[in-house]
Amino acid sequence: MPEGHTIHRQAREQRADLVGHVVRTDAVQDRFAGAAARLDGQVLTDVDAYGKHLFQTWEDGSVVHVHLGLYGKWRRQPVPPLWMVGAVRLRLVGPTHAWDLAGATVCALVTPEEQERVLDRLGPDPLRPDADPGPFLAKVARSATPIGALLLDQAAVAGIGNVYRAELLFTGGIDPRRPAKELRPHERDRLWTEIVHQLGLGLDVGHIVTLRDDELDRPRPEVPRDEGLYVYHQEACRVCGSAIRTTALAARRIDWCPHCQPRRPRRTHEAPVAPPPG
DNA sequence: CGATTATGATTAA
DNA sequence: TAATCCTAATCGC
């Protein structure tokens, strides 16, 4: 179940396996049979990821657009491919490895213009080196939407999913229910830094692992946990032990620590206390 | 073996 | 907000 880091990882692996090679295709599901037949025997010239969207560019200029959605999966196996799991919609067979696609929300043959239209709808992708945080920061500063909902809006920032939004707000120390525009400038900037850092870590490691700065140089505490997460589907906060709270935001569950993510930003330096009147 | 849940997103109401 | 697309793992009976 993929967020942006997964898609970028798969794009990287497909580039290594398939780009520059003649690819044989095979479509098990009828709905994509025609497209697959057209691609069969062509050289795959590029694979690239934007947010959660994957684009494969082929020799004749056509583009395969894939969005895995909630259930979609790419499966990689050696050549010749021996097994087939589920309803495989598209099979790409390269010189050494084959890639099977199943369950994707989107698998379509598009033109470069249609690809551009998809990209136009996306906010900056933190996993792309040229990502410009400007539009994201401006949206946060302007929007009354809860920040926890805005992080799932792919037009605001591309590639964040339900696990990352919860974890990023934890490492950023922000209550997900706070209206975006009420974040302080340093919290906005910090949030973008966290997004770039944590998704980049996920891309390198191959799965979601969030790390707060203060734990970077420290062995992680031996607390039972799923996949090294701070709050998502956790019962107690790994840092302070508080009971994790859960609610729905943008129609998805979100978990947060009421102590590490206070509703009001905690002041680094307490304001001078005014002498009591009278 | 059926019900439930899931790292997504669009469309209709 | 709800229904829908569609796959797979997990859990309860």
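Chain identifiers are assigned alphabetically (A, B, ...) following the order of the sequence lines, protein sequences preceding nucleic acid strands; residue numbering begins at 1 within each chain.
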To the nearest angstrom, how far is A:H65 atom NE2 from B:dG8 atom C1'?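 My rounded result for the distance is 12 Å.
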Common cluster, [X]/[Y], ILVMFWY with side-chain heavy-atom separation under 4.5 Å:
{"X": "A:V209", "Y": "A:I244", "answer": "yes"}
{"X": "A:V66", "Y": "A:F55", "answer": "no"}
{"X": "A:V23", "Y": "A:V93", "answer": "no"}
{"X": "A:L44", "Y": "A:Y50", "answer": "no"}
{"X": "A:L18", "Y": "A:V63", "answer": "no"}

Would you write out the dot-bracket form of DNA chain B, 5' to 3', with Watson-Crick and G-U pairs under 3.5 Å, [ ] for crossing pairs, | for pairs to other strands and . for unpaired bases? ||||||.|||||.
Phosphate OP1/OP2 of B:dA9 contacted by A:H67 side-chain N/O (<4.0 Å):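 So the side-chain polar atoms of A:H67 do come within 4.0 Å of the phosphate oxygens OP1 or OP2 of B:dA9, strictly under.
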Under-4.0 Å side-chain N/O to phosphate OP1/OP2 contact, A:Q154 with B:dG8: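 No, A:Q154 has no side-chain N/O under 4.0 Å of OP1/OP2 on B:dG8.
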Applying side chain to side chain donor-acceptor pair (under 3.5 Å), run through A:H5 and A:D204 and close with a yes or a no. CA-CA 8 Å; A:H5 68 296; A:D204 290 342; over 6 Å; no
Would you find a donor on one side and an acceptor on the other, under 3.5 Å apart, between the side chain of A:Q77 and the backbone of A:W83?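 Between the backbone of A:W83 and the side chain of A:Q77 there is a qualifying donor-acceptor contact (under 3.5 Å).
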By the ring-ring contact (aromatic ring centres under 6.0 Å, His included) test, which pairs, at least two apart or in different chains, include something from residues 130-154 of chain A?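 Residue pairs passing ring-ring contact (aromatic ring centres under 6.0 Å, His included), neighbours aside: A:F136-A:W192.
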Tell me which pairs pass ring-ring contact (aromatic ring centres under 6.0 Å, His included) where either residue lies in residues 94-131 of chain A, with sequence neighbours left out.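 Passing the test, one end in residues 94-131 of chain A: no pairs.
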Under the rule for side chain to side chain donor-acceptor pair (under 3.5 Å), what residues qualify as partners of A:T105, not counting sequence neighbours?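 Not a single residue meets the side chain to side chain donor-acceptor pair (under 3.5 Å) criterion with A:T105.
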What residues, two or more places apart in sequence or in another chain, satisfy side chain to side chain donor-acceptor pair (under 3.5 Å) together with A:E167?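 A:E167 satisfies side chain to side chain donor-acceptor pair (under 3.5 Å) with A:T210 only.
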Give the first and the last nucleotide of DNA chain C, reading 5' to 3', that has any atom under 4.0 Å from a heavy atom of chain A.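 Span of nucleotides near chain A: C:dC5 to C:dA8.
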Going by heavy atoms closer than 4.0 Å, what residues in residues 143-151 of chain A are next to DNA chain B?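 Those residues whose heavy atoms fall under 4.0 Å from DNA chain B, taken from residues 143-151 of chain A, amount to none.
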Sorted by number, the residues of residues 7-18 of chain A with heavy-atom contact under 4.0 Å to DNA chain B: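 Nucleic-acid contacts, sorted: none.
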Apply salt bridge (charged side-chain N to carboxylate O under 4.0 Å, His left out) to A:R24 and A:D40, showing your working. CA-CA 5 Å; A:R24 302 307 307 258; A:D40 188 31; 2.8 Å; yes
Which part of the nucleic acid does [X] contact within heavy-atom distance under 4.0 Å: base, sugar-phosphate only, or nothing?
{"X": "A:R75", "value": "sugar-phosphate"}
{"X": "A:A87", "value": "sugar-phosphate"}
{"X": "A:V106", "value": "nothing"}

Suppose you measure atom [atom1] in [N] against the same atom in [M]; what distance do you get, rounded to whole Å?
{"N": "C:dA8", "M": "B:dT10", "atom1": "P", "value": "23 Å"}
{"N": "C:dA3", "M": "B:dT4", "atom1": "P", "value": "14 Å"}
{"N": "B:dT5", "M": "C:dA2", "atom1": "P", "value": "15 Å"}

Polar contact flag, side-chain donor to acceptor under 3.5 angstrom, A:Q234-A:D255: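 There is no such pair between these side chains.
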Could you tabulate the donor-acceptor pairs under 3.5 Å formed by side-chain atoms of residues 154-163 of chain A, not counting sequence neighbours?
| unit_1 | atom_1 | unit_2 | atom_2 | d |
| --- | --- | --- | --- | --- |
| A:Q154 | OE1 | A:G159 | N | 2.9 |
| A:Q154 | NE2 | A:L152 | O | 3.2 |
| A:Q154 | NE2 | A:I160 | O | 3.1 |
| A:N162 | OD1 | A:R165 | NE | 2.8 |
| A:N162 | OD1 | A:R165 | NH2 | 3.0 |
| A:N162 | ND2 | A:R253 | O | 3.1 |

Treat primed atoms plus P, OP1 and OP2 as sugar-phosphate and everything else as base, then score nucleotides 1-6 of chain B 5' to 3': B for base contact with protein heavy atoms under 4.0 Å, S for sugar-phosphate contact only, - for none. -----B
Surrounding CD of A:E114 (heavy atoms of other residues, nucleotides or ligands, distance under 6.0 Å), is the total greater than 12?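 More than 12 heavy atoms, drawn from other residues, nucleotides or ligands, come within 6.0 Å of this atom.
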Give a yes or no on whether a salt bridge exists between [X] and [Y], defined as a side-chain N under 4.0 angstrom from a carboxylate O.
{"X": "A:E113", "Y": "A:R117", "answer": "no"}
{"X": "A:D175", "Y": "A:R264", "answer": "no"}
{"X": "A:R76", "Y": "A:D17", "answer": "yes"}

Partners of A:D46 by side-chain contact (heavy atoms from CB on, under 4.5 Å), sequence neighbours excluded?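 Expected list: A:R15, A:D48, A:T57.
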Scan nucleotides 10-13 of chain B against the protein and return all N/O pairs shorter than 3.5 Å with their distances rounded to 0.1 Å.
none

